[in-house]
Amino acid sequence: MLGESNASSSKKGAFMWFKEIYSTCLLIFCSIIVLTVIFEENTTLSQFSSWAAFFVFWIALYWLSMVEGGQASLVGLPPVDMELYHESHPTTHKIMKVIKRGDSIDRYLMGRQFMVLALVFVENLCAHAKDPTMPILGMPLVINTIFLNTGLAVFFMTAMIGKISAQVNASRCMLDYVNNYFAYFTMQVARLIEVSGLLHCCYPVQMFFAWAAGQPLVSKEAPRTIVQNIFFWGRVLLSSAILFFAFAVTISALLNGQTTMWEGVPAWVTLVLFFLFMAVVGMLEGMQIAFFAVARMAEEERSKSSWAKKTCNLLFEGDGRNLAGFMIGRQMCVTLCFFIIARVTTVKLHDGDENIFGVSDFTQTFFETGLLGALITTICASIAWQLIASAFPMAFLSTPVTYILLRFCLGLEWTGLCQGSWVVARIHRKIVKFKRDEVYIGTAEERKAKSQANPMSFDQDESARVVAGHLFPGPACLPLTFTGVRRTISEIEDLENDLKTQQNDIENRLIHLEEQKQKVLAKSAGALDGIEEKQSGDIENIKDTDSGENSD
């Protein structure tokens with residue numbers, strides 16, 4: 001689970017407290033630097049309007065948190081019986097009705113992948129310092145070199161606020177996290193991106209690797225009609241043409257030094273770095289798929305390759321904290337690579353340069369948004385590698401590169417540079433009052449005992465398994481096949497507190513209902529007394545009338 005299960009003891013030690021404090025201070029410091037650069041109009045977008053850049057930056061950051069957290073929720077909830085949360089979480093139920101229909105989960109994940117890259121590139125436009133030598137609040141220029149030249153300031157904000165903290169909360173509070181219309185809107189935007197055909201050139205890749213793995217794709221939808229086939233393959237051709245054109249523009253800009261790459265770096269070095277960092281991102285994207293795929297395998301199967309055995313032994317050793325640690329370190333590494341790729345591929349003409357390929361000024365302005373680089377990275381450095389890993393997980397793990405990157409990611413997580421994510425997650429959770437899923441639908445064991453679906457199981461429902469040709473990494477948690485410790489005392493206490501809070505809420509509601517009931521009963525009793533008095537009065541009047549008539 002992407003929670004505080006990385007603590008090896010029930011309570012935080014001094015080193016864990018130290019990491020949280022210094023990482024949170026680092027986040028605050030980076031936020032001050034980034035906002036200062038924006039309001040000094042030292043970024044691409046702030047040159048037009050610093051306030052526009054400010055709001056666009058925070059909107060992109062918040063939206064990114066919904067995209068990242070939404071993925072954890074939407075891939076973790078499909079195996080859960082939707083009737084369990086129909087009443088308590090109507091919007092989540094509405095979203096999952098769409099996600100569980102046909103092949104919607106694959107379509108959502110494909111569109112969502114482009115959204116992540118696009119939002120990171122937008123952040124780069126808002127917060128990347130055009131002149132990194134401009135002093136920040138009178139601080140030494142070495143601060144600029146460390147945090148602005150390298151892009152680390154924006155990286156730490158994005159990793160801690162927009163990515164890791166979102167996944168921390170969403171992996172434990174899946175129901176609450178997407179129970180809002182912004183999550184529904186985000187899901188529909190991701191599906192719209194897929195429908196547009198922008199990423200359709202990935203589908204032949206998907207088909208090829210599924211076929212190569214000997215597991216042809218099995219769709220949950222009816223076969224396409226002739227018209228649907230024409231529309232589908234037309235979008236594949238259009239997507240391929242757009243991808244080739246994006247490569248042509250980007251490589252032309254790279255070779256001519258017309259990008260936001262650091263000055264003094266030769267063009268050929270920039271080109272090498274471009275492909276190198278795309279390969280690193282691809283390996284890291286594929287590793288999470290491969291790890292969840294092999295988690296269901298027996299140890300003998302994982303030991304057929306020496307490197308795969310070493311990798312899996314490291315990943316699942318001890319109490320299993322390394323799986324959660326890798327997910328955190330991977331997120332840090334991928335985010336940093338995204339910012340470097342954004343800098344390498346974002347087009348920026350020099351004074352007097354002609355537009356690339358002689359296009360119009362409007363088209364050239366579009367090139368300079370960096371979206372072409374985002375498209376290339378999404379397809380070639382993310383989706384394609386995930387498809388390879390889902391088809392050949394063991395081959396993917398049987399390389400020393402995978403082991404080295406796993407070690408590197410675990411090292412990044414150990415440093416605690418992004419430990420402030422837990423602080424951000426706790427603050428966010430307190431503000432919006434997220435509760436763990438167990439509060440609403442019971443624990444995994446309770447649901448399993450009732451023969452209901454289990455959101456943490458990869459074996460309970462075939463739709464939740466990593467299979468060839470599908471982008472289904474599963475929620476960021478340990479598989480049930482793992483026999484190590486699944487919860488720390490701290491996590492159990494958190495759940496206990498949530499349940500007690502829920503119990504108090506229910507008791508207060510029952511007291512309130514009882515008061516309302518007594519009031520209604522009192523009113524009813526008063527009305528009955530009035531009726532009885534009226535009836536007795538009518539009887540007395542009748543008697544008086546009868547006695548008067550008799551006397552006459």
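Heavy-atom contacts from other residues, nucleotides or ligands closer than 6.0 Å to CZ of Phe357 number more than 12. Counting non-hydrogen atoms of neighbouring residues, nucleotides and ligands closer than 6.0 angstrom, the CZ atom of Phe29 exceeds 12 such neighbours.
Annotation: side chain of Ile383 is not in contact with side chain of Glu285 (no heavy-atom distance under 4.5 Å). Looking at Leu77 and Ile99, their side chains never come closer than 4.5 Å, going by heavy atoms from C-beta outward. Looking at heavy atoms from C-beta onward, Leu152 lies in side-chain contact with Leu336 at the 4.5 angstrom threshold. Within the 4.5 Å cutoff, no side-chain heavy atoms of Glu368 are placed close to those of Thr346. Side-chain contact between Leu315 and Phe291 is present, with at least one heavy-atom pair separated by less than 4.5 Å. Between Cys380 and Phe247, the closest side-chain pair of non-hydrogen atoms falls below 4.5 Å. Residues Gln331 and Phe326 form no side-chain contact, since every pair of their non-hydrogen atoms from C-beta on lies 4.5 Å or further apart. Side-chain contact between Leu375 and Leu198: present, with at least one pair of heavy atoms (C-beta onward) separated by less than 4.5 Å.
In the model, Trp307 has no side-chain atom that pairs as donor or acceptor with a side-chain atom of Thr399 under 3.5 Å.
Of all heavy-atom pairs spanning Ala308 and Ser398, the tightest one is CB-OG, 3.8 Å. Nearest heavy-atom pair across Val178 and Thr91 is O-CG2, 4.1 Å. Considering every non-hydrogen atom in both Leu412 and Gly329, the closest pair reads CD1-O, 3.9 Å. The nearest pair of heavy atoms linking Phe209 to Leu387 is CB-O, 4.2 Å. Of all heavy-atom pairs spanning Ser239 and Gly197, the tightest one is CB-O, 3.0 Å.
Judged as a side-chain hydrogen bond (donor to acceptor under 3.5 Å, both in side chains), and not counting sequence neighbours, the contacts of Arg224 are Asn229.
Ion pairing between Arg112 and Glu68 holds under the 4.0 Å rule for side-chain N and carboxylate O. Residues Glu221 and Arg107 are paired through a salt bridge, judged by an N-O separation under 4.0 Å between the basic side chain and the carboxylate.
Between the NZ atom of Lys97 and the OG atom of Ser104 there is a distance of 12.5 Å, given to the nearest 0.5 Å.
Geometrically, Arg343 does not engage Phe339 in a cation-pi contact, judged by NZ or CZ lying under 6.0 Å from the ring centre and within 45° of the ring axis.
The aromatic rings of Trp63 and Phe185 sit parallel, their planes meeting at an angle under 30°, below the 60° perpendicular limit.
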